[in-house]
Amino acid sequence: MTMKTLETKMIEPALPARPADAWRHLSISTVSRAAVLVALVLIGQAIAPSFLSLANIHVILLAVAAIGIMAYGMTLVVITGEIDLSIAGAAILSCVVGGLLIPTGSAAVVIGTTLLTGVVVGLTNGVLVAALGIPSLIVTLGTLGIGRALANIVSGGQALYPEGLDAYLWLGRGQFAGVPVPVLLLVVLGAGAVALTRYSTFGPALYATGGNVRAAELSGINVLAVRITVFAISGVCAALAGMLESARLSYINPAGFEGMELSVLAVTVLGGAALSGGVGSIGGTLTAALIIGIVNNLLNQLGVSIYLQQVVTAAVILAVVLPGIRQREIAK
């Protein structure tokens, strides 16, 4: 056996199954998520006849749009075996930096600056993690705190109001063909992320990087570029999600998004992404976001306290995640 053949055999397990064959390998966690989602819809309709009304569906989808978009970026990072806890800091810092340009009267300038700031934060994380080798947990916890602090410093701790910027406000409150813009972006970006991970050359590189770094490097994959790219994507997703929420509320709160990073991480893990890397899907992440959104909606309709809601949500996450973890342990 030649060395080239040996290296090929080492590399092949790190690459994901081809998209055409993926549907044949439904995991226990995938089935669990689908079953829980269907069960929650049925329970919701039984408890509240208006649960499946168009108005309530809009409420649920609007509630999960921002967290879902953030979770798309987080999922890509986690697949590479890293983690991004800076997303809340990136979101609020991006919105505040963009908000400082509200006096220009240009929505394009504000929106562009907000997204660009998110990219810069993401690139900073990526370079520190991938190029300098600092653990992503430490880096992103640091940039989370720095982002929040800078947001309060540059804004003077005062909220910013995007008054008169109709295009900016439209992002959070407008509709396109009857569909709320945040929901439309959730779907479109989700489709784009699926295409990126499943039907592009970046997809195999992404999973290979998280599954086996050494094998990925031997196969010619630029692991450094992959990691920096996913952090940049996560940063821009955070900035966009923050902008959608700020536009929906009509003000930019420099103290906002408290604890959002943990909620996004919970959705990502519930969606099937393994913190060890190499496992995860955008479809699973979207399903997980919908599960959390439906649970919160039902509990709100029942008048359940916020503290009990957290307990119930945690129980649902464990019920869905544990079977998948058990399956992976048995596979080992």
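Using a 4.5 Å heavy-atom threshold, the side chains of Asn300 and Val304 count as separate. Using a 4.5 Å heavy-atom threshold, the side chains of Leu265 and Leu275 count as touching. Counting only heavy atoms from C-beta outward, the side chains of Leu189 and Leu240 approach each other to under 4.5 Å. The side-chain heavy atoms of Asp84 and Phe231, taken from C-beta on, include a pair separated by under 4.5 Å. His58 has its side chain out of reach of Val183: every pair of non-hydrogen atoms, C-beta onward, lies at least 4.5 Å apart. Side-chain contact between Ile67 and Val64 is present, with heavy atoms from C-beta onward closer than 4.5 Å. Counting heavy atoms from C-beta outward, Phe257 and Ile87 have side chains that stay 4.5 Å or more apart. Val96 places none of its side-chain heavy atoms less than 4.5 Å from the side chain of Asn152.
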- [ ] Could you give me the CA-CA distance, side-chain angles and deciding distance for Ile79 and Val279, then say whether side chain to side chain contact (heavy atoms under 4.5 Å, CB included) is met?
- [x] CA-CA 6 Å; Ile79 289 174; Val279 178; over 6 Å; no
Open item on the list: For a side chain to side chain contact (heavy atoms under 4.5 Å, CB included) check, start with the C-alpha distance between Tyr168 and Asp166, then their side-chain angles and the critical distance, and finish with the verdict.
Closed with: CA-CA 5 Å; Tyr168 184 97; Asp166 293 338; over 6 Å; no
Open item on the list: Evaluate Leu115 against Met243 for side chain to side chain contact (heavy atoms under 4.5 Å, CB included), listing each step before the verdict.
Closed with: CA-CA 9 Å; Leu115 297 178; Met243 187 163 53; 3.9 Å; yes
Open item on the list: With side chain to side chain contact (heavy atoms under 4.5 Å, CB included) as the criterion, how do Leu42 and Phe51 come out once you've worked through the C-alpha distance, each side chain's angles and the decisive distance to 0.1 Å?
Closed with: CA-CA 9 Å; Leu42 295 176; Phe51 179 77; over 6 Å; no
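Under the 3.5 Å distance criterion, the side-chain polar atoms of Tyr72 are matched with a main-chain donor or acceptor of Leu186. Asn212 places no side-chain N or O within 3.5 Å of a backbone atom of Ala208 that could act as its donor or acceptor partner. Of the possible polar contacts, none joining the Arg148 side chain to the Ile92 backbone as a donor-acceptor pair under 3.5 Å is found. Side chain of Thr104 to backbone of Leu101: a donor-acceptor contact under 3.5 angstrom is found. At least one donor-acceptor pair closer than 3.5 Å links the side chain of Ser305 to the backbone N or O of Leu308. Under a 3.5 Å cut-off, the side chain of Ser94 and the backbone N or O of Gly118 do form a donor-acceptor pair. A donor-acceptor pair is defined here as one N or O able to donate and one able to accept, closer than 3.5 Å; such a pair exists between the side chain of Thr140 and the backbone of Leu85. Listed for the Gln175 side chain is no donor-acceptor partner under 3.5 Å among the backbone atoms of Val179. A donor-acceptor distance shorter than 3.5 angstrom exists from the side chain of Thr268 to the backbone of Val264, with no hydrogens or angles considered. Remark: the backbone N or O of Ala288 is not paired with any side-chain donor or acceptor of Arg33 at under 3.5 angstrom.
Each of Val36, Val267, Asn296 was compared with Ile291 under the side-chain contact (heavy atoms from CB on, under 4.5 Å) criterion, and only Val36 meets it.
A donor atom on one side chain and an acceptor atom on the other are not found under 3.5 Å apart for Thr209 and Thr80. A donor-acceptor contact under 3.5 angstrom links the side chains of Asn125 and Thr143, judged on distance only. Side-chain atoms of Ser250 and Arg173 include a donor-acceptor pair closer than 3.5 Å.
Note that CE of Met70 and CE of Met260 are 5.0 Å apart. Values are rounded to the nearest 0.5 Å. Expressed to the nearest 0.5 Å, how far CD1 of Ile102 lies from CD of Glu163 amounts to 8.5 Å. Note that CG of Leu76 is 6.5 Å distant from CG of Leu196, once rounded to the nearest 0.5 Å. Interatomic distance, Leu150 CG to Thr117 OG1, rounded to the nearest 0.5 Å: 11.0 Å. In this structure, CD1 in Ile69 is found 10.5 Å from CG in Leu286, a value given to the nearest 0.5 Å. From Ile221, atom CD1 reaches atom OH of Tyr207 across 13.5 Å, with rounding to the nearest 0.5 Å.
Under the 4.5 Å side-chain heavy-atom criterion for ILVMFWY residues, no single connected hydrophobic cluster contains both Val97 and Leu249. If you chain together hydrophobic residues whose side chains sit under 4.5 Å apart, Val311 and Tyr307 never meet in one group. Under a hydrophobic clustering in which Ile, Leu, Val, Met, Phe, Trp and Tyr are joined whenever their side-chain heavy atoms come within less than 4.5 Å, directly or via other members, Leu165 and Leu100 fall into the same cluster. Tyr199 and Val188 fall within a single hydrophobic cluster, where Ile, Leu, Val, Met, Phe, Trp and Tyr side chains are chained together by heavy-atom contacts under 4.5 Å. Hydrophobic cluster membership is shared by Ile294 and Ile43, with clusters built from Ile, Leu, Val, Met, Phe, Trp and Tyr side chains linked at under 4.5 angstrom.
Shown here for Gly44 and Leu298, the closest heavy-atom pair between the two residues is CA-CD2, 3.3 Å. Smallest separation of non-hydrogen atoms from Ile252 and Gly99: CD1-CA, 3.8 Å. Considering all non-hydrogen atoms of both residues, Ala241 and Ala66 come closest at CB-O, 3.4 Å. Between Ala273 and Val78 the shortest heavy-atom distance is CB-CG1, 3.8 Å. Closest non-hydrogen pair, Ala107 versus Ala167, comes out as CB-CB, 3.7 Å. Between Leu171 and Leu244, the shortest heavy-atom distance links the atoms O-CD2, 3.3 Å.
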